[in-house]
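Structure first, commentary second.
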Amino acid sequence: MLIREANDADLDAIFAIYEREVLTGTATFDTETKSPAQRAEWLATHRSPRTPAIVAEVHGGVIAGWASLSPWSNRCAYARAAENSVYVHADHRGKGVGGALLDDLIARARRTGLGVILARVVEGNPASVTLHESRGFQTIGIMRRVGEKFGRILDVRLMDLHLDAAT
Ligand SMILES: CC(C)(COP(=O)(O)OP(=O)(O)OC[C@H]1O[C@@H](n2cnc3c(N)ncnc32)[C@H](O)[C@@H]1OP(=O)(O)O)[C@@H](O)C(=O)NCCC(=O)NCCS
């Protein structure tokens, strides 16, 4: 498996994986697919070391999953915090792809001096909770009934990983 930075040629594969969750799942609270221009804009904002987008390429150049870091907030005092996203194609889950992507993201975050990575995980997603816990994330709270998708009101677990020595 090769983990590398995403580029324009990966956008179709990245959004094919993501849009399955947009349209049929609750892992993301996005409910609408992105236009080609919005996809390109997403990549343009995920090309800096602090907010990278990466892909996991398996045999034959197939994109098995992707991950990214995004600013937690556009308010400047939050600049030491970022939120992560990790999405693995259904055919490639349970084989270490998500773990490899998250390991790579954490290493990139450390190199840029980021202080904390936050993850928001919808209720009923044990794979994501286990994935994050296995990399040292801890649950810091449950945001109760903050989401609604497919007619269900949903809680969201907030998890954090501190990268600095102070915690
Ligand atoms: C969550 C997700 C990214 C995990 O990716 P994956 O490639 O299947 O995960 P891995 O095979 O690398 O496993 C990572 C860890 O999670 C655990 N895990 C994986 N699937 C699991 C499941 N269904 N139930 C419980 N634990 C699970 C593994 O045992 C592993 O733990 P370990 O490293 O201690 O052995 C993947 O299931 C996915 O894309 N789900 C839909 C999108 C999503 O929920 N994204 C996260 C949004 S917060």
Side-chain angles (χ1 to χ4, degrees), residues 1-6 10-34 38-39 42-43 45-46 51-73 78 81-110 114 116-163:
M1 186 182 348
L2 170 69
I3 308 285
R4 59 167 175 79
E5 286 171 18
D10 302 317
L11 282 173
D12 284 349
I14 288 172
F15 282 93
I17 294 167
Y18 186 60
E19 287 177 0
R20 185 174 183 272
E21 301 305 321
V22 172
L23 297 173
T24 69
T26 54
T28 173
F29 281 6
D30 264 349
T31 57
E32 290 177 7
T33 57
K34 285 186 171 30
Q38 288 170 320
R39 293 176 178 193
W42 174 84
L43 185 58
T45 60
H46 287 89
T51 57
I54 57 174
V55 293
E57 197 178 305
V58 293
H59 42 271
V62 172
I63 302 301
W66 63 272
S68 63
L69 288 175
S70 303
W72 174 251
S73 167
Y78 278 118
E83 179 172 20
N84 76 308
S85 299
V86 188
Y87 289 84
V88 175
H89 190 287
D91 293 347
H92 296 277
R93 291 182 191 161
K95 300 174 187 167
V97 175
L101 284 164
L102 190 51
D103 286 341
D104 191 271
L105 266 193
I106 293 167
R108 286 169 188 269
R110 283 190 197 285
L114 198 74
V116 56
I117 303 176
L118 293 155
R120 284 183 280 188
V121 183
V122 68
E123 65 178 280
N125 190 349
S128 184
V129 173
T130 308
L131 166 66
H132 286 91
E133 284 178 341
S134 72
R135 268 62 191 180
F137 283 74
Q138 294 186 334
T139 296
I140 51 174
I142 304 291
M143 300 188 286
R144 296 168 57 220
R145 299 169 62 80
V146 291
E148 185 170 3
K149 197 169 181 185
F150 308 130
R152 286 177 56 210
I153 293 183
L154 297 161
D155 292 349
V156 173
R157 175 186 299 255
L158 186 59
M159 304 181 78
D160 71 4
L161 177 71
H162 288 267
L163 305 175

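Only this structure's heavy atoms are used, side chains among them; waters, hydrogens and symmetry mates stay out. Positions are given from 1 along the sequence. Atoms within each ligand, like the ligands themselves, are counted from 1 in listed order.
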What protein heavy atom sits nearest atom 25 (C) of ligand 1, and how far off is it? Thr130 OG1, 3.6 Å
Measure from atom 12 (O) of ligand 1 to the protein's non-hydrogen atoms and state whether any distance is below 4.0 Å. yes
Met159 vs Val121 side-chain heavy atoms within contact, under 4.5 Å: yes
Using 30° and 60° as the class limits, which term best fits the ring planes of Tyr87 and Trp66: parallel, tilted or perpendicular? parallel
State plainly whether the residues Glu123 and Arg145 are in salt-bridge range, i.e. N to O under 4.0 Å. no
Ser134 (side chain) donor-acceptor with Leu131 (main chain) under 3.5 angstrom: yes
Would you say the side chain of Glu21 lies within less than 4.5 Å of the side chain of Asp30, judging by non-hydrogen atoms? no
Could you say whether the N/O atoms of Gly98 and ligand 1 ever approach to under 3.5 Å? yes
Is a side-chain donor or acceptor of Lys149 paired with a backbone partner of Thr28 at a separation under 3.5 angstrom? yes
Hey, which atoms in ligand 1 end up nearer than 4.0 Å to a heavy atom of Val97? 7 (O), 12 (O)
For ligand 1, which atoms sit closer than 4.0 Å to a heavy atom of Gly96? 10 (P), 11 (O), 12 (O)
When you measure from atom 41 (C) of ligand 1 to every protein heavy atom, which one gives the shortest distance, and what is it? Arg93 NH2, 3.5 Å
Of the options Leu114, Ile106, Leu118, Asn84, which is the one that meets Leu161 in a side-chain contact (heavy atoms from CB on, under 4.5 Å)? Ile106
Do Asp155 and Met143 have side-chain heavy atoms sitting under 4.5 Å apart? no
Atom 4 (C) of ligand 1 [closest protein heavy-atom partner, distance rounded to 0.1 Å]: Leu131 CD2, 4.0 Å
Say whether Arg135, considering both its backbone and side-chain N or O atoms, lies within less than 3.5 Å of an N or O atom on ligand 1. yes
Less than 4.0 Å between a side-chain N and a carboxylate O, is that true for Asp10 and Arg4? yes
A student checking ligand 1 against Gly99 at a 4.0 Å heavy-atom cut-off should list atoms 12 (O)
Please check atom 34 (O) of ligand 1 for a protein heavy-atom neighbour under 4.0 Å. yes
Numbering as shown, the atoms of ligand 1 that approach Arg120 to under 4.0 Å (heavy-atom distance): 48 (S)
Closest to atom 8 (O) of ligand 1 among protein heavy atoms sits Gly94 N, 2.7 Å
Relative to the heavy atoms of Asn125, which atoms of ligand 1 are at a distance of less than 4.0 Å? 43 (C), 44 (O)
Using distance alone, determine whether Lys95 and ligand 1 share an N or O pair under 3.5 Å. yes
Within the protein, is there a heavy atom lying under 4.0 Å from atom 15 (C) of ligand 1? yes
What's the shortest distance from atom 42 (C) of ligand 1 to any protein heavy atom, and which residue and atom give it? Tyr87 CD2, 3.5 Å
Atom 32 (P) of ligand 1: nearest protein contact (heavy atom, Å): Ser134 CB, 4.0 Å
Protein residue, atom and distance nearest to atom 23 (N) of ligand 1, heavy-atom basis: Ala127 CB, 3.5 Å
Considering Val86, Thr26, Val122, Val129, which one's heavy-atom position lies nearest to atom 3 (C) of ligand 1? Val86
Spacing of CD1 belonging to Ile117 relative to NE2 belonging to His132, to within rounding of 0.5 Å: 8.5 Å
Less than 3.5 Å between some nitrogen or oxygen of Ala100 and one of ligand 1, yes or no? no
Side chains of Ile17 and Val88, heavy atoms from C-beta outward: is any pair under 4.5 Å? no
Validation row: Ile54, Leu101 side chains within 4.5 angstrom (heavy atoms): yes
Just to confirm my output: which protein heavy-atom neighbour is closest to atom 47 (C) of ligand 1, and how far is it? Ser128 OG, 4.0 Å
Would you verify that at least one protein heavy atom lies under 4.0 Å from atom 29 (O) of ligand 1, or report that none does? no
Any side-chain heavy-atom pair from Thr33 and Tyr18 closer than 4.5 angstrom? no
Do Glu19 and Glu32 come within less than 4.5 Å of each other through their side chains, counting heavy atoms only? no
For ligand 1, is there an N or O atom under 3.5 Å from any N or O atom of Ala27? no
